[in-house]
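Notes follow the structure.
Here is the naming used below: chain letters follow the sequence lines, and residue numbers restart at 1 for every chain.
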Amino acid sequence: MSEPGKKQKIKPQTLRGFRDFLPDQMMAREQLIDIARSVYRSYGFAPIDTPALEYAEVLLGKGGEESDKQVFRFTDQGERDVAMRFDLTVPLARFAAQYVQELGIPFRRYHIAPVWRGERPARGRFREFMQCDFDTIGTLSNSADIETLFVINDLLEKIGIERFTIRVNNRKVLNGLLEKCGLQEHAVSILRSLDKLDKIGRDAVQAEMQEKAGIPAEGAARVLDMAQLKGKPSDVLSALDGMLAGSATGELGLANLRELFTSVDRCGWPEGRVILDVAIARGLDYYTGTIYETILGDLPEIGSVCSGGRYDNLAELFTSQQLPGVGASLGLDRMLAALEELGRTKKATTPAPVLVTMFESGRVADYLQMGRMLRMAGIGAEVYPEAKNIGKQMKYADRRGFRLCLIAGENEFAAGQWQIKDLTRGTQISVATLEVAAEISKILLAQE
RNA sequence: GUGGCUAUAGCUCAGUUGGUUAGAGCGCCAGAUUGUGGUUCUGGAAGUCGCCGGUUCGAACCCGGUUAGCCACCCCA
């Protein structure tokens with residue numbers, strides 16, 4: 001069947017749920033990651049990394065059978081039962097248990113890395129995706145919870161989002177409420193239903209609570225009445241005060257929230273930046289205190305772009321040492337999808353602002369030297385590799401989004417000059433070779 | 001995991017009740033313009049119609065399977 005001279009080619013294709021990223025997408029991703037990194041570092045979070053592959057027993061059995069089914073798992077060439085990490089929290093637990101002696105507590109780390117889940121892909125859901133976690137472990141102090149909120153705020157501000165709302169709640173408050181209603185043994189099920197309030201509405205949630213948790217209608221209604229308290233944080237807190245009197249857990253959660261909002265009041269943030277929403281619960285069973293969700297003002301339907309919370313004992317499966325913690329995670333893919341939808345992504349596919357064009361093929365050393373001079377001055381520069389006609393090279397520069405072009409032929413070399421062409425404005429000036437770097441710095445600065 | 005929809009050029013899509021040589025726009029490459037991008041004009045390359053099989057004289061079109069994508073559930077540590 002095969003024609004002579006035509007070899008059978010392998011079909012280039014990516015695995016279901018896995019993605020390639022082209023330069024324009026990757027530039028946007030790296031830009032976001034750079035922002036996250038710098039914000040995390042500004043609070044003293046230190047970077048760590050862990051292997052993609054772990055012993056299966058380290059990863060499995062942490063979130064029930066359903067979640068275990070989503071783990072990529074296989075036997076390696078040495079007959080070991082291994083699995084790919086499906087989040088960064090379980091590896092952190094193992095890591096903390098293993099190194100707590102040399103790390104010391106409290107310990108703050110950030111971890112930006114891919115994770116893998118064998119889920120069915122859907123919009124914004126992939127089998128390989130990036131998580132950008134930051135956590136403070138080894139302290140029960142509410143101060144860490146408050147700073148977690150600050151980090152989330154800074155992150156969104158630095159990304160350039162003007163309108164967003166961080167919704168805060170506390171699991172202890174929810175548990176206190178359930179305790180007062182005598183429903184605490186159904187907590188997990190009730191909270192899972194409650195979390196859907198935004199999505200499916202009050203009636204559906206109430207029905208689900210009755211059905212799945214098996215609680216009476218009055219109980220479900222009472223929980224919903226309390227969870228739907230709205231208004232100024234101070235008013236909601238006062239209202240809750242009465243409802244929670246006598247529940248030690250509830251009162252503690254309330255005190256933490258009160259302290260948090262006292263700090264928020266001093267931040268001078270726009271009205272509505274941080275709200276108390278008693279209805280948010282987050283699906284995860286392991287949260288035990290403060291919980292966070294971040295909603296974009298211009299794109300609420302996309303869901304939370306940065307969420308997290310406090311947990312009591314991160315590493316209990318690995319060590320008897322108690323390691324409480326609090327942290328959150330930026331949903332990189334969701335945030336990118338949002339920025340794209342808001343038209344906030346740039347078009348450039350080059351990270352360097354300057355293209356040095358090549359005109360005289362006998363002068364390669366001069367062009368390369370100009371590239372080096374610019375880089376030594378801290379200016380990113382690409383030297384076009386062939387002495388093609390200048391129009392071609394400018395077209396290349398234009399398409400990649402370079403801001404400036406450098407041009408020199410025999411005339412310029414004879415005069416010791418270079419032409420600097422500004423692609424954005426269409427202007428062109430002639431500058432002495434030694435002045436080029438300084439002049440370009442000036443132009444780029446003026447364009448900022 | 002369940003159900004539904006979709007798959008034609010690099011991208012977005014058209015393609016008559018099944019009929020001979022599968023088209024458009026955009027993009028790409030080349031030329032007009034071996035010293036100046038974006039605009040314009042001219043030309044060109046590029047498709048086993050996702051893949052495998054079936055029905056038929058004949059399949060991009062009908063049928064079955066499969067892979068991938070999208071949507072809704074389930075789930076989301």
Selected nucleotide, minimal atom distance to Ile407(A) side chain, candidates G69(B), U2(B), U36(B): U36(B)
Nucleotide [N], atom [atom2] - distance to [atom1] of [X] in whole Å:
X: Asp24(A); N: G10(B); atom1: CG; atom2: P; answer: 18 Å
X: Glu128(A); N: C76(B); atom1: CD; atom2: P; answer: 23 Å
X: Arg425(A); N: G38(B); atom1: CZ; atom2: C1'; answer: 17 Å
X: Tyr384(A); N: G37(B); atom1: OH; atom2: C1'; answer: 13 Å
X: Asp398(A); N: U40(B); atom1: CG; atom2: P; answer: 13 Å

Side-chain donor/acceptor contact of Arg403(A) with base of G38(B) under 3.5 Å: no
Donor-acceptor pair (no angle test) under 3.5 Å: Glu412(A) side chain, G35(B) base: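 Counting by modelled atom types and ignoring angles, a donor-acceptor contact under 3.5 Å is found here.
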Pairing partner of G27(B) (Watson-Crick or G-U wobble, both distances under 3.5 Å):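 None - no nucleotide pairs with G27(B), as no candidate has both distances under 3.5 Å.
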G-U wobble or Watson-Crick pairing nucleotide for U2(B) (cut-off 3.5 Å, both distances):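 Pairing partner, where one exists within any strand: A72(B).
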Exceeds 12 heavy-atom contacts within 6.0 angstrom, atom CZ of Arg372(A): no
Ring geometry between Tyr367(A) and Trp418(A) (parallel below 30°, tilted from 30 to 60°, perpendicular above 60°):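 Trp418(A) vs Tyr367(A) ring planes: perpendicular.
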Taking only nitrogen or oxygen atoms into account, show me every contact under 3.5 Å that the protein makes with nucleotides 28-33 of chain B, one pair per line with its distance.
{"unit_1": "G31(B)", "atom_1": "OP2", "unit_2": "Lys392(A)", "atom_2": "NZ", "d": "2.8"}

Inter-nucleotide P distance (C62(B), G18(B)), Å rounded: 8 Å
Side-chain N or O of Arg120(A) closer than 4.0 Å to phosphate OP1/OP2 of G69(B): no
Short side-chain N/O contact to G69(B) OP1/OP2 from Arg16(A), under 4.0 Å: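 Yes, because at least one side-chain N or O of Arg16(A) sits under 4.0 Å from OP1 or OP2 of G69(B).
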Glu410(A) vs Thr89(A), nearer the 5' end of RNA chain B by closest nucleotide: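 That would be Glu410(A).
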Charged tip of Arg108(A) within 45° of Tyr43(A) ring normal and under 6.0 Å: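 No, Arg108(A) does not lie over the aromatic ring of Tyr43(A).
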